[in-house]
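For reference, the structure is listed below as C-alpha cells.
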Amino acid sequence: MSRYSAAEIEARWQEAWDKADVFKAVRQEGKPKYYVLEMFPYPSGRIHMGHVRNYTMGDVIARYKLATGHSVLHPMGWDAFGMPAENAAMASGGHPKDWTYGNIATMKDQMKPLGLSIDWSREFATCDPEYYGQQQALFLDFLEAGLVYRKNAVVNWDPVDMTVLANEQVIDGKGWRSGADVERRELTQWFFNISSMAEELLDAIDGLDSWPAKVKLMQQNWIGKSRGLQFAFQRTDGGEIEVYTTRPDTLMGASFVGISPDHPIAKQLEAENPEVADFVAKCRRGGTTEEALEKAEKLGLDSGLKVKHPLNPDWELPVWIANFILMDYGTGAIFGCPAHDQRDLDFCRKYDLPVKDTFFALDNPTPVATEAFVPPKTEKVKWVDHFAGLDEATGQEAIDATIDFAEAQGWGKGVTNFRLRDWGLSRQRYWGCPIPVVHCDTCGVVPEKKENLPVQLPYDEGNGKPIDFSIPGNPLDRHPHWRDVACPKCGAPAKRETDTMDTFVDSSWYYARFTAPRADTPTNMADAEYWMNVDQYIGGIEHAILHLLYSRFFARAMNVTGHLPESAREPFDALFTQGMVTHAIYQSVGDNGRPVYHYPEDVDLRDGKAFLKDGGAEVEIIPSAKMSKSKNNVVDPLNIISSFGADTARWFVLSDSPPERDVEWTASGAEAASKHLSRVWSLSVKIAETDPQGGGEGDEELIRATHKAIFDVTQGVESFGFNAAIAKLYAFTNLLSKSKAGKEAQRFAIMTLAQLMAPMTPHLSEAIWEAQGGEGMIVTAPWPVAEEKYLVEDTVTLPVQVNGKRRAEIQVAKDADKAEVEAMALEMDAVQKALDGGTPKKVIVVPGRIVNVVV
RNA sequence: GCGGACAUGGUGGAAUGGUAGACACCGGAGACUUAAAAUCUCCUGCUCAAUCGAGCGUGCGGGUUCGAGUCCCGCUGUCCGCACCA
C-alpha cells in the first residue's frame, strides 16, 4: 500500500486489537495499575465532537500507560437515566427504555470506529436493573448508617400541569409547557446527609494535589465554611428570634431584623394576617434557583413585630419579612446592617430604614450614602464607639473580639456554619432508580428487603396496556397497581415510594462499579482494593462542583458502609477538565426578523466571508460558538471519520488548542491534520524504499533530534500538553523529511515517530510499525526512552539585553563562567552602540538564559 | 446577584519571571504539469525604511522587578457553575 488509506488501516488494526484482546483490564498483582476514566456520556443518541475530544484525551493517557508497563483499566458506560428520555416519550410517543437502549446501541456503533482502547467487557448502563438494584442496596445501607433521611423541601410547582418542574423547565418564572407562573411548594423528600461530612470534604481538598486549583477553590467556596455569631433577639411581645451573622462586629449598625418568608414566625403570621399571607404568596412566585432568588426584586414587609437590641434594651428594631433571606442558610433570620452590606443598604433605602455607620476607612470618615462600605476583612478600619472597646482594628479582629465578648456576657455563641446544604435526591419522575422503601400505615417508612431488590420499574401498566407518558406528572404515582405491595415488616397492604432518585446518584459511584461490574454486591473488595482510585479522571469543567462533590461524598459513604476501602474515600487522584468543541455559526436574518442559522455544508467560504451555496447571499459568521443543534453548527464526527478517518479526527481534536480550553472546529484544520498524516505515511514508504547500503550525512543530528522528540513528547503527554506534544511532532516530522541521514538512522527516527504518535493516531502508527518491520504490535511495544547523552547541548545562544531590550546574541559554552560571558557580551558592537557611551551600572548574567546590561 | 476562569498576529495558539508569536490554518510567491488538482520550496505581527535597520506590540489603566504575556491592584468583555439539565 503506497497511499495512505485510513479506512483500510483502521478497520484492520481495530480487528487485530480485538483479536488479541489487548485492552482487557486484568488484575496483575505486582504490576503497577492505572485507572483512567472519562466522565461517561448521557445516551442522547449521537456522539458529538466534545465526546470525541474527551475520549481521545483519555485514550492517549490509557495507551501511554499501557506502553509504560501498567495494567490499565479504561472502561465505558452510560449515564442512562434522566429527563430527556421521558421528554422524548412525551413528544413523540414510545417508551423511555426503548429510546434509551436504542440510543446506546447507536452511540456505541459511532464510538467503535474511533479505535478507543476501551475494555468493553465492563460496559453497563445505569438503567440496567443489575446496576440500579445495587444502587438500591447502597441506599438501604446508607439509610441504616443514618446517611439518608426525610424532611420537607421546596420544589418548583406548575399549578396548571399539576406537576413538579426541574429548574431547566422553568423559563422566566413560568412552566415550559403550560406557561403558568411557577410557585414554590413544599414536599417531603429524601436527603443524603452530605452536610455531616462538610468539614471533612473541605479539609480533604488540600490533599487533592493533582486537581485544578480552580476546581478546588470552587468546591471550597461551595462548601462555604464560615464562623459567626448566633444569638437571639428578644421580642417585645415575648418569644425570641434566633439569628446567625458572619459580621457580628456590625451589630451597632443594625437597623432591622429580617426573616425568611418560609420562617416559622412568617408562617404563623401568614395564617393570622391576610396582608402577610398576600406578601408571602408573592414571595413564593418564581423558581427555586439561587440565581432567581438573588436576581429577584428585593421585597420586604414590616411584620409589625419588634425586637430589643441585645446591647441596649431600650433600642427597638422592626422585624421585616424579606424575600432575599434563605430559610436553608443559618437560622433563616438575620439582622440588617445597611452601612456595610449593599443588599441591606438597598433594602433600607427602599423602605426608608435608618443607616448607621459602625466603622470608617482610616483616612476617609465619609458616611455611607448610596454605596455600602465593605472593605476586606483584613483591612484595618476605625470603629465608631465599638461595644467591645475596639478603636483601630481589622474586620476579622473585630469579629473575633465580638464573639468573645458575646460569649463572655452569655448572650450569644460562636458557631461554625456551612453553606453546603443536604442533597435532596427525590425526583417525582418515572425514568430513574426507584427509591426502595414502602410506606405502611402502621409501620411508617419501611426499607424494602435486600432479597427483593431490584425494585424494578414497570414497563407498562399490565395487561399489555402501555404507560401514557404524554400526561404530566409521575407515571409511577398513577400506575394502577405497581405501588401496591405488602409491608416488608408487618405484611399489611402498603404503598411503594413512587419517587425515583436524582440521576446524580447514578453517576456518584459508577467509577467504583467499573472495578467489578458484574459483582452481585455493589462492589467487590479485592477488585476495589486493586483498581481504586481513579488515577486520572477527565471531564467537563461544568461538573466542577456538583458531580465531583457528590462523588467524593459517595466514596466516603461507601467506605462507611463497607463497600470501598478506606484508601478510596477520595476517589479521584487526578482530575483534568477539558474545554468544549466550538464551531462558527452562519447566520442571516429571515423575513420575520428572526435569525436563520445555516448548516456549514450549505455555505461557501471565500476570503474570510461566507456565502450561501444556494443563491450566493452573504451570511454573517459568528466565530467560536458552543456546538448546538438549534444553531445548526454541529459537526458530526461520523462525517469526519468517513471522509478522513478516525486518526485524523483524533489528531485534530488534540492539536491547536490546549486541552483545558475550547477548540474551534474548522474544516481547513481537519484537512490539514489529514494531509499531515498522509505526509507521515509517505515518509515511511520513502524510508522503507531507501537503499540500506547508501551512506548518509547528519546521522548524529537526526539521532539527537529523535531523542529530543522522545523527551518533549513524553513530557507533553504526561502534563496534558497534547497540543504542545503535537507541535513537537510536526517539527520533528519536518526535520526528518529534510534529513539526508542514512537508512538506519532514518528508520530509527520514523519508528520512534510512529511510537510517539501511537497514543494519538494508533492505527497509522501500527501500519508504519509493521511496514518498518517492528516487532509485534506497537500498542504493546514499550515506550521509547530518551537517552540523556543526546539531550545535552555543548553551546548555547544567549540573548543580550541593554536595559531589558534585546540588542544582540552571543554563542557561549554551556558551562562558561559568568565573568567570561559578561566580557563577551560587553564587547559586542551592538551592545556598545546601545550603551551609547554610558557605563554599565550592573550586568546580570543568568546562566543558560540571558544577559542583561543595566545602564 | 454570588462563586470560578479566560483575554497574545487575519485565525487556532506557543512561551519554568529571561530573545513574544514555536507549531498549524489562512494568504502570497515560485517549482512540477499541456492545464488543473495533489505535492514540493520559500515568504508571512504592525508601521516606517522597502536591502541594512528603526520604532511599536500580549483587552484597558496603574504597580512590583535589572527584566512582566507571566506576579499584584483596579476596570472592561466573554465563558462556566449556582444545588430538580446531564
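In what follows, chains are A, B, ... by sequence order, proteins preceding strands, each numbered from 1. Fair warning: this is a prediction, and the values are worked out from it, not measured in the lab.
Comparing the P positions of C80(B) and C75(B) gives an interatomic distance of 23 Å, to the nearest angstrom. Comparing the P positions of G69(B) and U76(B) gives an interatomic distance of 24 Å, to the nearest angstrom. With P as the reference atom, C23(B) and G45(B) are 12 Å apart, rounded to whole Å. Comparing G63(B) with G9(B), their C1' atoms are spaced 28 Å from each other, to the whole Å. Comparing U19(B) with U58(B), their P atoms are spaced 16 Å from each other, to the whole Å. Taking atom P on both nucleotides, U8(B) is separated from U78(B) by 14 Å, rounded to a whole Å. Rounded to whole Å, the C1' atom of C72(B) lies 13 Å from the corresponding atom of G17(B). Remark: the separation of the C1' atoms in A24(B) and U44(B) is 14 Å, to the nearest Å.
Distance from the side chain of Ile850(A) is smallest for U19(B) among the nucleotides U19(B), C84(B), A86(B). With C80(B), G4(B), U19(B) as the choices, the nucleotide that has an atom nearest any side-chain atom of Thr797(A) turns out to be U19(B). When each of C82(B), C85(B), U19(B) is scored by its nearest atom to the side-chain atoms of Glu291(A), the top-ranked nucleotide is C82(B).
Distance Leu425(A) CG to A86(B) P: 14 Å, rounded to the nearest Å. At whole-Å resolution of the value, CZ in Arg421(A) and P in C2(B) are 18 Å apart. Spacing between atom CZ of Arg427(A) and atom P of C84(B) amounts to 5 Å, rounded to whole angstrom units. A straight line from CD of Glu168(A) to P of A83(B) spans 12 Å, rounded to a whole angstrom. In this structure, Glu86(A) places its CD atom 13 Å from C1' of C85(B), rounding to the nearest Å. The distance from atom CG of Asn221(A) to atom C1' of C82(B) is 12 Å, rounded to the nearest whole Å. When the P atom of C2(B) is taken as reference, atom CE of Met218(A) falls 17 Å away, rounded to whole Å. When the P atom of U39(B) is taken as reference, atom CD of Glu671(A) falls 9 Å away, rounded to whole Å.
Annotation for Asn152(A): atom CG counts as buried by contact number, over 12 foreign heavy atoms lying within 6.0 Å.
Salt-bridge check for Glu290(A) with Arg419(A): passed, with a basic side-chain N closer than 4.0 Å to an acidic carboxylate O. A salt bridge links Lys295(A) to Glu291(A): one of the charged nitrogens lies within less than 4.0 Å of a carboxylate oxygen. Residues Glu297(A) and Lys350(A) are paired through a salt bridge, judged by an N-O separation under 4.0 Å between the basic side chain and the carboxylate.
A cation-pi arrangement is not found for Lys708(A) relative to Phe732(A), the charged atom failing to lie both closer than 6.0 Å to the ring centre and inside a 45° cone about the ring normal. Cation-pi geometry between Arg184(A) and Trp157(A) is not satisfied (NZ or CZ under 6.0 Å from the ring centre, within 45° of the ring normal).
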Next on the checklist: At under 4.0 Å between heavy atoms, how does the protein contact nucleotides 28-33 of chain B? Give one character per nucleotide, 5' to 3', with B, S or -.
Outcome noted: ------

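Counting only residues at least two apart or on different chains, no side chain to side chain donor-acceptor pair (under 3.5 Å) pair has a member in residues 840-855 of chain A.
Each of Tyr42(A) and Leu217(A) was matched to the nucleotide of RNA chain B holding its nearest heavy atom; the match closer to the 5' end belongs to Leu217(A).
At the heavy-atom level, Leu420(A) lies under 4.0 Å from base atoms of the strands shown. Among the atoms of the strands shown, only primed sugar atoms or phosphate atoms (P, OP1, OP2) are found under 4.0 Å from some heavy atom of Lys805(A). Across all strands shown, Ser426(A) has heavy atoms under 4.0 Å from base atoms, whether or not it also approaches the sugar-phosphate. Residue contacts for Lys738(A): at a heavy-atom cut-off of 4.0 Å it reaches the sugar-phosphate backbone alone, with no base atom in range.
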Below 3.5 Å between N/O atoms, which protein atoms pair up with nucleotides 21-24 of chain B? Just atom names and distances, please.
unit_1, atom_1, unit_2, atom_2, d
A24(B), OP1, Asn734(A), ND2, 2.9

I'd like a list of close polar pairs between nucleotides 66-69 of chain B and the protein, N/O only, cut-off under 3.5 Å.
unit_1, atom_1, unit_2, atom_2, d
C66(B), O2', Asn852(A), ND2, 3.4
C66(B), O2, Asn852(A), ND2, 2.6

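Classified by interplanar angle (parallel below 30°, tilted 30° to 60°, perpendicular above 60°), the ring pair Phe554(A)/Phe192(A) is perpendicular.
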Can you list, pair by pair, the side-chain donor-acceptor contacts under 3.5 Å of residues 545-553 of chain A, counting residues two or more places apart and other chains?
unit_1, atom_1, unit_2, atom_2, d
His547(A), NE2, Tyr537(A), OH, 2.7
Ser551(A), OG, His547(A), O, 2.9
Arg552(A), NE, Glu570(A), OE1, 3.4
Arg552(A), NE, Glu570(A), OE2, 2.7
Arg552(A), NH1, Leu201(A), O, 3.2
Arg552(A), NH1, Gln219(A), OE1, 2.9
Arg552(A), NH2, Leu201(A), O, 2.8
Arg552(A), NH2, Glu570(A), OE1, 3.1

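In G53(B) the O4'-C1'-N dihedral to the base is more than 90° from 0, which defines an anti nucleotide.
In RNA chain B, the stems built from three or more successive Watson-Crick or G-U pairs (distances below 3.5 Å) are B:1-7 with B:76-82, B:10-12 with B:23-25, B:27-31 with B:39-43, B:45-48 with B:53-56, B:59-63 with B:71-75.
Between the CD1 atom of Ile726(A) and the CZ atom of Phe652(A) there is a distance of 10.5 Å, given to the nearest 0.5 Å. Between atom CD1 of residue Ile223(A) and atom CE of residue Met197(A) there is a gap of 12.5 Å, rounded to the nearest 0.5 Å.
On a pure distance criterion of 3.5 Å, a polar donor-acceptor pair joins the side chain of Gln189(A) and the base of C84(B).
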